[in-house]
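When a residue number appears, it is its place in the shown sequence, counting from 1. When a ligand or atom number is given, it counts from 1 through the structure's own listing order.
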Amino acid sequence: MAAGGGGITRSLIGQNPTKITTGKTKTTFKDVAGIDAEKQELMEIVDFLKNKEKYKSLGARVPRGVLLSGEPGTGKTLLARAVAGEANVPFFATSGSDFSGIIVGLGVAKIKEIFELAKRNAPCILFIDEIDAIGQSRSKHTINDNDREQTLNQLLIEMDGFANDTGIIVIAATNRPDMLDAALLRPGRFDRQIYIELPNLEGRRDILDLHAKKFKIDDKVSLMDVARGTTGFSGADLENLLNEAALHAVRANHKVVEQSDLEEARDKILMGPKKNRKMRPEDIKLTAYHEAGHAFVGLHYDGIVDPIHKATIIPRGRALGMVQHVPVDDKMSMTIEEVRADLSVDLAGRASEEVFFGKNKITTGAASDIENATRLARRSITMAGLSDKIGMVAINQVNTFGQRVALENASEKTAEKVDEEIKNWLDTAYKDAKNLVAKNKATVDKLAKALLDKETLSGEEIREIVFGKKAKEISKKTKKKTDAKK
Ligand code: ADP
Ligand code: ZN
């Protein structure tokens, strides 16, 4: 069969029907809790669907595609459905995995089919779950590549094809936004991107409150306490938790869902084989001290490293927690002082683990910190001539594809010296971080406990814990300093 799908007959689609959920939906934003910022962003889409003329008369270009990304179960499908419900337009849902067929050309035909369906029913929402199944970056080669590429191209053609005012909004969802082909994200395609985080403490309480209405729950139960004990749970996990608890209550012959049922359910989900990403209490504690170490040393080098935006122990992706820094300006280069301070901040997580829990309790959680630090040190030493011992020799170079390559003429002796020097820099940075944490153990302890209590601390809150009342003045001062730097 010719690629491009021209030869695909209706009967072939008939034998392999696209799974489409069709029709009106009663879901509205009231059914979505804990992610108010994301709801707010989608309000505009709803407004457009309701008041098309207003936008048209002003000539405003409205988004055709919205990409929702986030961990599974964070409510992406729910949100898309709610947009349709709020705007009172039909909702068509399908999944990208349904397009990567065994029969070459079928994907293309199916894309055409769903867009025809959408056009006939406009204004409407067309929801494509698991968009990465078709929209994967074309550089990531797999078998069946050609067919997938054809399917992706057809999707791009359809999105470019429909006029601005048809009122079709395509909402796609993925938990791997990094895998997507850049062509999908260009203007006029999925140019609106919304990242849905795992819910924070308050978000989890709101989601629990919402779903709890469906169950008979003991008045004595505190859902806030349940929220506290469910760091890293998605909305779907929380709903599942309530359901498991209700099942347990039935088995235990309880008249209402009791605290003990909720605890049983939580343990079951935590210990369950598939959900090993949910954090055990001891992991949460260790993460808090790890992140507190980063935050403290980061603040110690305030003005040299980027200011701290927030610290959190809510897991995301592969990371158990993180400390976010915001760059003050678009830094193109770093001073050697900045490099060495950055290295200390990178290794401060591990340093804090060792100071608080001892050499035998350090964890693999610092792997990506060590990777970052090693990369920074290596680049500084082998490409930027920042090391006295090695001097201004380019041992690595960036090739025309932007990849770092080792020069062939670097001798083995030089390579050995480089390795030694990298280790030297990292050792020094680690010692420095460890000293700082050990000397300020009480403050780092306070930071960790605050993280355990609130899960996320803003830069301001971190300053207040470390500097006390003077925090505000100090942060004003650094702000002036950074303003001046611009
Ligand atoms: P995703 O598409 O991101 O994998 P879903 O939208 O399918 O997640 O979520 C599954 C279910 O979990 C929803 O139908 C809803 O019952 C529940 N849920 C998830 N997030 C939320 C939320 N923010 N508020 C209320 N319920 C939620
Ligand atoms: Zn770390």
Q | Heavy atom of the protein closest to atom 10 (C) of ligand 1 (residue, atom name, distance) | A | A236 CB, 3.8 Å
Q | Modelled atom types, side-chain donor and acceptor of N440 and H300, under 3.5 Å | A | no
Q. Does any non-hydrogen side-chain atom of V339 lie less than 4.5 Å from one of W425?
A. yes
Q | ligand 1 atoms in contact with I35 (distance to a heavy atom under 4.0 Å) | A | 23 (N)
**Q.** Contact check, A173 vs ligand 1, heavy-atom distance below 4.0 Å
**A.** no
(Q) From the N, O or S atoms in D369, identify the one nearest to the Zn ion (ligand 2). (A) OD2
**Q.** Pair D342-Y301, side-chain donor/acceptor within less than 3.5 Å
**A.** no
Q: Would you kindly say whether N243 and H211 are connected by a side-chain donor-acceptor distance under 3.5 Å?
A: no
Q) Which part of L78 is near ligand 1, with near meaning a heavy atom under 4.0 Å away: side chain, backbone, both or neither? A) both
**Q.** Heavy-atom nearest neighbour of atom 9 (O) of ligand 1 within options G70, G75, P72, G34
**A.** G75
Q: Could you tell me whether K76 approaches ligand 1 through its side chain, its backbone, both or neither, with non-hydrogen atoms closer than 4.0 Å?
A: both
Q. Using a distance-only test with no angle check, is there a side-chain donor-acceptor pair under 3.5 angstrom linking N435 and Y430?
A. no
Q: Work out whether the distance between some heavy atom of D31 and some atom of ligand 1 is less than 4.0 Å.
A: yes
(Q) Under a 4.0 Å threshold between the charged nitrogen and the carboxylate oxygen, would R192 count as salt-bridged to E44? (A) yes
Q. Which atoms of ligand 1 are found less than 4.0 Å from any heavy atom of E239?
A. 11 (C), 12 (O), 15 (C), 16 (O), 17 (C)
Q: Could you find the nearest protein heavy atom to atom 18 (N) of ligand 1 and give me its residue, atom name and distance?
A: G235 C, 3.7 Å
Q) Counting each atom of ligand 1 from 1 as listed, which ones have a heavy atom of L210 under 4.0 Å away? A) 25 (C)
Q: Number the atoms of ligand 1 from 1 as they appear, then name those within less than 4.0 Å of a heavy atom of A33, with their elements.
A: 22 (C), 23 (N), 24 (N), 25 (C)
**Q.** Proximity flag H211 to ligand 1, non-hydrogen atoms under 4.0 Å
**A.** yes
Q) Is the closest heavy-atom distance from G73 to ligand 1 below 4.0 Å? A) yes
Q: Can you sort out which atoms of ligand 1 are near V32, meaning under 4.0 Å from one of its heavy atoms?
A: 23 (N), 24 (N)
Q.
With a 6.0 Å cut-off (strictly less than), is the heavy-atom count around CD of Q40, excluding the residue itself, greater than 12?
A. no
Q) Among all protein non-hydrogen atoms, which one is nearest to atom 2 (O) of ligand 1, and what is the separation to 0.1 Å? A) T77 OG1, 2.6 Å
Q: Would you please say whether a donor-acceptor pair under 3.5 Å links the side chains of E71 and S234?
A: no
Q) With sequence neighbours excluded, what pairs up with H248 under the side-chain hydrogen bond (donor to acceptor under 3.5 Å, both in side chains) test? A) D261
Q | Whether over 12 other heavy atoms sit under 6.0 Å from M43 CE | A | no
